[in-house]
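One structure is given below, represented as structure tokens, and several questions about it will come after.
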Amino acid sequence: MTDFSNALSVAASGMRAQAQRLTHVSENIANADTPGYHRKITSFEAERGVGATEGAVRTGPVRLDQTALPVIFDPSHPMADDGGSYEGSNVDLVIELADAREAQRSYEANLRIFDQIRQMSTSLNDLLRR
Amino acid sequence: MFEGLEIFQLARGLARHSASRQAVVAQNIANADTPGYRARDVADFDQTWRNMTAEARMGRAEMPMRVIDAGTPASPNGNSVSLEFEMLRGIEAQRAHSRALRVYGSAMTILRTSIGR
């Protein structure tokens with residue numbers, strides 16, 4: 001039974017981490033046109049410390065993509081400098097969409113395993129009912 | 001007396017084995033994006049069963065759970081989890097588990113019938 005409850009919390013930690021990643025992706029997409037915005041990169045690491053479930057995952061510290069910001073020429077923009085250009089954001093919508101799709105796929109895999117474990121423990125409990 | 005019936009031991013062993021296997025699959029899937037994580041799998045049931053019976057004869061009931069590296073190719077960040085393979089293993093574990101429970105249940109029915117209840 002502890003196998004099952006541990007496995008359930010591991011699957012839940014996976015879903016939580018993927019949801020966090022999806023949050024960062026949506027922040028990136030929302031700020032795709034914000035001048036000077038660096039895209040956020042989600043990292044994953046094993047859960048450690050007191051009370052951590054073995055094999056559980058969590059999101060690590062958020063890192064910012066240090067790729068150079070593109071310089072956009074637009075003299076009418078309020079933030080344009082003397083040369084008439086300003087720094088945009090380094091968010092690439094195609095990358096963000098691919099990342100979102102990958103997060104969704106991983107989330108669904110975790111959900112499917114969660115459901116399987118739940119079914120297994122239900123059928124184990126059904127043995128007691130007879 | 002009924003503790004020693006081998007069919008119950010076998011069914012219980014298979015149920016425990018597939019439950020641990022499912023737990024390992026859950027860990028693999030949760031860590032599908034963790035850099036450097038290697039996918040793991042529990043050793044085959046015939047191996048663990050042989051270990052379990054040997055240990056039980058020596059008086060130790062604890063089942064050794066050997067975890068072996070599942071040899072799938074790793075991605076550039078050192079992660080070797082393949083979601084498709086893990087799905088397959090999860091389904092396998094689930095089927096083995098329900099098979100074990102079914103065997104346990106019908107053996108129990110036979111036992112009940114034989115004592116006339």
Side-chain angles (χ1 to χ4, degrees), chain A residues 1-22 41-48 52-60 63 99 102-130, chain B residues 8 11-12 14-40 42 63 65 67 75 77-79 81-109 111-112 117:
Chain A
M1 218 51 209
T2 52
D3 254 348
F4 283 143
S5 43
N6 271 353
L8 283 176
S9 60
V10 167
S13 81
M15 286 191 271
R16 204 164 45 234
Q18 297 298 341
Q20 183 65 43
R21 176 187 187 180
L22 212 49
I41 302 176
T42 316
S43 61
F44 295 90
E45 61 187 28
E47 210 168 77
R48 282 192 210 86
T53 318
E54 192 208 336
V57 70
R58 67 172 178 207
T59 49
R63 286 179 299 130
D99 211 25
E102 205 183 323
Q104 187 189 7
R105 185 167 161 265
S106 299
Y107 189 95
E108 278 171 4
N110 276 300
L111 193 62
R112 182 112 13 121
I113 288 295
F114 190 90
D115 200 38
Q116 276 179 16
I117 299 167
R118 205 178 47 81
Q119 282 175 17
M120 283 165 77
S121 86
T122 310
S123 57
L124 193 60
N125 287 340
D126 281 351
L127 271 186
L128 291 176
R129 212 185 284 164
R130 300 180 201 182
Chain B
F8 289 113
R12 202 177 60 148
L14 182 58
R16 281 183 68 186
H17 175 261
S18 51
S20 313
R21 195 156 187 236
Q22 185 74 301
V24 172
V25 167
Q27 292 182 6
N28 284 344
I29 289 189
N31 286 288
D33 295 303
T34 311
Y37 182 87
R38 304 292 314 254
R40 303 180 304 166
V42 174
M63 172 169 57
M65 263 301 147
V67 168
S75 61
N77 66 359
N79 189 302
V81 178
S82 150
L83 285 186
E84 289 79 12
F85 276 129
E86 297 306 328
M87 287 278 118
L88 185 68
R89 287 202 199 100
I91 295 283
E92 272 175 14
Q94 191 184 21
R95 293 182 60 208
H97 190 257
S98 77
R99 196 159 56 233
L101 294 189
R102 197 62 56 82
V103 166
Y104 191 96
S106 50
M108 196 60 110
T109 313
L111 200 60
R112 284 209 184 100
R117 291 176 66 177

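In what follows, chains are A, B, ... by sequence order, proteins preceding strands, each numbered from 1. In this text the structure is predicted, and so the values were computed from the model without any measurement.
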### Message
Between A:Asp3 and B:Arg16, does any side-chain N to carboxylate O distance fall below 4.0 Å?
### Response
no

### Query
Which atoms of A:Ala103 come close to chain B, meaning under 4.5 Å heavy atom to heavy atom: side chain ones, backbone ones, both, or neither?
neither

### Task
Pick one of side chain, backbone, both or neither for A:Glu102, based on which atoms fall under 4.5 Å of a heavy atom in chain B.
side chain

### Distance-minimising heavy-atom pair for B:Ala15 and B:Leu101
CB-CD2, 4.4 Å

### Summary
Greatest number of non-hydrogen atom pairs under 4.5 angstrom with chain B, of A:Arg105, A:Arg112, A:Gln119, falls to A:Arg105

### Query
Between the side chains of B:Gln22 and A:Gln116, is a donor N or O closer than 3.5 angstrom to an acceptor N or O?
yes

#### Entry: B:Tyr104 versus chain A, the contacting section by heavy-atom distance below 4.5 Å
side chain

#### Entry: Residue, of A:Leu8, A:Ile113, A:Thr42, that accumulates the most heavy atom pairs under 4.5 Å with chain B
A:Ile113

### Message
Donor-acceptor pair, distance only, cut-off 3.5 Å: does the side chain of B:Gln27 make one with the backbone of A:Glu54?
### Response
yes

### Query
So which of A:Ala12, A:Ser13, A:Ala109, A:Gly14 has the biggest tally of heavy-atom pairs under 4.5 Å with chain B?
A:Ala109

### Query
Side chain, backbone, both or neither: which part of A:Arg16 has an atom under 4.5 Å from a heavy atom of chain B?
neither

### Message
Any heavy-atom pair between the side chains of B:His97 and B:His17 that's under 4.5 Å?
### Response
no

### Message
Report which part of A:Ala17 has an atom under 4.5 Å of a heavy atom belonging to chain B: side chain, backbone, both, or neither.
### Response
neither

#### Entry: Full working for salt bridge (Lys or Arg N to Asp or Glu O under 4.0 Å) between B:Arg89 and B:Glu86
CA-CA 5 Å; B:Arg89 287 202 199 100; B:Glu86 297 306 328; 2.7 Å; yes

